[in-house]
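First comes the structure, then the notes that go with it.
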Amino acid sequence: MAGKIVVVTSGKGGVGKTTTVANLGTTLAKKKYNVVLIDTDIGLRNLDVVMGLENRIVYNLVDIIEGKCRKEQAMIRDRKLSNLCMIPAAQTREKNCITEEQMKELCSNLAAEFDYVFIDCPAGIEQGFKNAIAGADTAVVVTTPEVSAIRDADRVIGLLEAAMVRQISLIINRLNAKMVKRGDMMSTEDIISLLSVPLLGVVPESEEVVVSTNRGVPLVHDRSSKAGAAFRSMAARLDGETIPLDGNSQGIFGRMKRLIWN
Amino acid sequence: MLGILRRIWGDGASGQVARKRMQFVLMHDRIDITPEMMEALKNDMIKVLSRYMEVECGSVKVDLEQGKDFMALISNVQVKRVYRHST
Ligand SMILES: Nc1ncnc2c1ncn2[C@@H]1O[C@H](COP(=O)(O)OP(=O)(O)OP(=O)(O)O)[C@@H](O)[C@H]1O
Ligand SMILES: [Mg+2]
């Protein structure tokens, strides 16, 4: 059976796409799935440093597509997990040097070998975005609880629907529970009702994310990390498990508490 | 600092302000109607209405509102006088 092809996208830049790809991919690889991550942010690659694999790059995505190497030659194996690998983006090329057709073909070739193909999408809705979503059957839209990120997420959801990407779910990243509590940040429920797509999960604003990026070791390797736990349960949900959303501002407990208090 | 901002912008949780603003913005984004088009729609409506009645042009408001499952065009028009025979 062909693997799942998941594009992680957002419209707005800097909201956590690369972080999400690294952590969801690593979690699923830890569950023994064969996973490949593709960085499609041509010219602005970052997945390599977030994964701590920047020293091993020889070939890249564009080299595969232009036939300068076999795809196996461009895949970099993870340092800890032998069933996880990454295809880096080209750093000195432009986004329109590959086409949607070429991406589609590569994705379906990869899905024949891997259980999960994750695509790290560039910010924006231009050619880079179109390439990134071309081969995907599933989309994870990342937003933060801010107006500009939400507006861009809504736009991207519209474009995904128009491109017939059927399975769309939402990650709310960098939620600050304290600010939500005092009413100065939109809550999970507010955002879901605005965007009306199913929620994959919520990641708290966390210093751990910065620390793990500094080290080039995805957060989910750290069992004690809260944000890591959020990514682990999102990966499980993506994998079809039903895991309740935890109670600290969303989910059934949060709602119950509010019903009782009000 | 936040206290000062609160005083400047008036009280009220900014999260709910954001939610309301986004409801409006997303609705307009989704239907792709620009403020100029809304203005043109309003003027056309006034033109049509004026064939049947005299309306207070300055009072005319046209808004799109998002219900749970549908979108509604809501308009408030102050009518001064209805013509007996349409002109
Ligand atoms: N939950 C979080 N808490 C704190 N910092 C975060 C969180 N998520 C992401 N960040 C930080 O935000 C920055 C951007 O994250 P990331 O690179 O994953 O975003 P991106 O959407 O891939 O950006 P781009 O659009 O530039 O590709 C990084 O410095 C990251 O460490
Ligand atoms: Mg990125």
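Chain A is the first sequence line, chain B the second, and so forth, proteins listed ahead of strands; every chain is numbered from 1. No experiment lies behind these values; they were computed from the predicted model shown.
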Using a 3.5 Å cut-off and no angle test, enumerate the donor-acceptor pairs between side-chain atoms of residues 70-79 of chain B and protein atoms at least two apart in sequence or in another chain.
{"residue": "B/S75", "atom": "OG", "partner": "B/K61", "partner atom": "O", "Å": "3.1"}

Those residues of residues 127-156 of chain A that come under 4.5 Å of chain B on a heavy-atom basis, listed by number, are A/V147, A/I150, A/R151, A/D154

Within a 6.0 Å radius of atom CD on B/E54, are there more than 12 heavy atoms belonging to other residues, nucleotides or ligands?
yes

When rounded to the nearest 0.5 angstrom, what distance separates OG in A/S187 from CZ in B/R19?
8.5 Å

Nearest heavy-atom neighbours spanning B/S14 and A/D184:
OG-OD1, 2.7 Å

A/T18: side chain to side chain donor-acceptor pair (under 3.5 Å) partners, not counting sequence neighbours:
A/D120

Tell me, yes or no, whether the heavy-atom count around A/E94 atom CD, taken from other residues, nucleotides or ligands under 6.0 Å, exceeds 12.
no

Can you name the side chain to side chain donor-acceptor pair (under 3.5 Å) partners of A/N46, sequence neighbours left out?
none

Which region of A/I191, side chain (C-beta onward) or backbone (N, CA, C, O), has a non-hydrogen atom less than 4.5 Å from a non-hydrogen atom of chain B, or is it both or neither?
neither

Rounded to the nearest 0.5 Å, how far apart are CD of B/Q23 and CG of A/D190?
9.0 Å

Carefully, step by step, assess B/Q16 and A/M186 under the rule side-chain contact (heavy atoms from CB on, under 4.5 Å).
CA-CA 7 Å; B/Q16 287 316 298; A/M186 280 182 274; over 6 Å; no

B/A13 and A/G183 have their tightest heavy-atom pair at CB-O, 3.1 Å

